[in-house]
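Accompanying notes for the structure given below.
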Amino acid sequence: MDDIYIVGGGPAGLAGAIAFRQAGFAVTVLDCGRPPIDKACGEGLMPAGVAILRQLGVLLPPHTGFAFKGIRLFDGNVMVAARFPEDNGLGLRRTLLHAALVNRATQLGVHLCWNAKNVSLAQLPPARLIVAADGQNSLLRRQAGLHRIKSEHRRYGFRKRYRVTPWSDHVEVYWGPRSQVYVTPVAADEVSVATLSRGPHLRVDQSLADFPALRERLAGASLVGPEKGALSVSRRLHRVHQDGFALLGDASGSVDAITGEGLSLAFQQALALAAAFQSGKMADYELAHRRAGRMPHRMASLLLALDSHAMLRRLALASMAKRPGIFAAFLNAHVGAAKPKSSDSQCRPHPSTGSAGLETYK
């Protein structure tokens, strides 16, 4: 009997599996797909997420992805920018991130079961802990009775990749009358362009019509793969664990994609869950989960408020443009709140698992 069964083999589930294996537990991951698994997302990792990947031993080869140094906000002719105070973020194709996590999990001896469809709680073998990392529409969450929602806000997102040299070392966020568009450099010759709106029918090309300068930059660039779409949900649940069962990643709640914190938050949860299980104090996971999500949810609430009130947004950005230190301090506080602390969410490595990362991946 394995100690841990994780249903969901996306980044959250794999990060959890790696953290559990580093603590010495036997882990099985089940997922209905086959790697590498793609998903519509902005494909940017904030500095905290990059740091946790290193902690998990997931080291990417040199020149993989694109290091970005900060955030730029645009609204009409107003631009506000700030750099991260210490480490860079990383733009990276979702498929490359997934492949690196799969390889690290395989290296550590995680049992990976792909194409495992329609998995239910009743079908799973006995285990010390079952983890639902099966996404925002988690079936296991409902079966376990943990689906009570405290708050929720939904938007719609679509993403395209363009073969073009990045023109900025920042993630750029453009505010418009119908949507926000954010541009993430993901390689030396590629950018990821995502749009978020309140309506389900606004695609990337339609959204770019509101941003002529950005559309001109992308004119003539070839597409890399198809356009993908997904819901972007800000959701908080009443509880994320009960005896022998825990929620992880989007299954445990989520923040709007415009925050850029989805993956970093999932990785923090993975460390916290493994640490709580290792200590035998699973109530600590509930507290750590709430603490980790506090700042991202505040950020989501602020950005959604700015989205709803164009005049307020213009005044706020104009004020920050005149006083650049305001946005820099805001970004510093946001990144600092998400930064892993040396005393928080640490698992003691098990002698048999080690902590070395991958130099290459297939």
Side-chain angles (χ1 to χ4, degrees), residues 1-31 45 48-60 97-98 100-113 124-134 140 144 240-252 263-293 338-358 361:
M1 178 183 76
D2 279 357
D3 296 309
I4 317 291
Y5 274 83
I6 300 176
V7 179
L14 290 170
I18 293 166
F20 278 117
R21 278 300 297 142
Q22 286 182 325
F25 298 106
V27 185
T28 293
V29 174
L30 305 99
D31 192 278
L45 273 170
V50 177
I52 295 174
L53 281 183
R54 288 196 296 264
Q55 187 173 337
L56 293 174
V58 183
L59 301 182
L60 298 166
L97 172 63
H98 193 258
L101 288 163
V102 168
N103 277 4
R104 177 60 172 157
T106 301
Q107 181 192 51
L108 292 176
V110 175
H111 184 206
L112 300 172
C113 297
L124 291 172
R128 294 176 62 187
L129 181 68
I130 293 172
V131 179
D134 51 340
L140 268 66
V240 295
H241 95 286
Q242 61 187 21
D243 289 346
F245 183 84
L247 302 172
L248 178 62
D250 285 351
S252 69
L263 287 170
S264 296
L265 189 57
F267 295 163
Q268 290 180 69
Q269 294 165 2
L271 291 179
L273 179 57
F277 185 76
Q278 186 178 26
S279 69
K281 300 176 181 178
M282 284 297 291
D284 289 351
Y285 176 56
E286 195 84 44
L287 296 173
H289 189 283
R290 190 176 302 119
R291 184 170 61 245
K339 185 177 180 180
K341 307 296 192 298
S342 59
S343 60
D344 291 343
S345 303
Q346 298 293 313
C347 296
R348 297 186 300 275
H350 190 273
S352 66
T353 63
S355 60
L358 296 177
Y361 59 86

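This structure is a prediction, so every number in the text was calculated from the model and none was measured. In this chain, residues are counted from 1 in sequence order.
How far CG of Leu263 is from CG of Leu101: 9.0 Å, rounded to the nearest 0.5 Å. The NE2 atom of His111 sits 8.0 Å away from the OH atom of Tyr5 when rounded to the nearest 0.5 Å. Distance check, rounded to the nearest 0.5 Å: CD1 of Ile18 to CG of Asn103 gives 9.5 Å. Note that the SG atom of Cys113 and the CD1 atom of Ile6 stand 12.0 Å from one another [nearest 0.5 Å]. In this structure, Leu140 CG and Leu247 CG are separated by 9.0 Å, a value rounded to the nearest 0.5 Å. Atom CG of Leu287 is separated from atom NZ of Lys281 by 11.5 Å, given to the nearest 0.5 angstrom.
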- Task: Decide side chain to side chain contact (heavy atoms under 4.5 Å, CB included) for Arg128 and Phe277; before the verdict, give the C-alpha distance in whole Å, the side-chain angles of both, and the deciding distance to 0.1 Å.
- Result: CA-CA 10 Å; Arg128 294 176 62 187; Phe277 185 76; 3.8 Å; yes

- For the pair Leu14 and Leu112, evaluate side chain to side chain contact (heavy atoms under 4.5 Å, CB included) and give the outcome as yes or no after the intermediate values. CA-CA 9 Å; Leu14 290 170; Leu112 300 172; 4.0 Å; yes

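Taking both residues in full, the closest heavy atoms of Leu248 and Ala270 are given as CD1-N, 3.6 Å, listed atom of the first, atom of the second, then distance. Minimum heavy-atom separation, Gly57 to Gln22: N-NE2, 4.2 Å. Across all their heavy atoms, Phe267 and Ala15 have their closest contact at CD2-CB, 3.6 Å. Of all non-hydrogen atoms in Asp31 and Gly9, the two that sit nearest each other are OD2-N, 2.6 Å. Across every non-hydrogen atom of Ala292 and Leu265, the tightest pair is O-CD1, 3.4 Å. Scanning all heavy atoms of the two residues, the minimum distance from Ala272 to Tyr285 falls at C-CD1, 3.9 Å.
When atom types are taken as modelled, the side chain of Arg104 and the backbone of Leu56 share a donor-acceptor pair closer than 3.5 angstrom. With Arg21 contributing its side chain and Phe25 its backbone, the two residues share a donor-acceptor pair below 3.5 Å. Side-chain N or O atoms of Gln269 include one that pairs as donor or acceptor with a backbone N or O of Gly249 at under 3.5 Å.
Residues passing the side-chain hydrogen bond (donor to acceptor under 3.5 Å, both in side chains) test with His241, sequence neighbours excluded: Glu286. With sequence neighbours excluded, no residue satisfies salt bridge (charged side-chain N to carboxylate O under 4.0 Å, His left out) with Asp134.
Side chains of Val7 and Leu124 form a contact here, defined as non-hydrogen atoms less than 4.5 Å apart. Leu273 places none of its side-chain heavy atoms less than 4.5 Å from the side chain of Val240. Here the side chains of Leu53 and Leu97 are in contact, with some heavy-atom distance below 4.5 Å.
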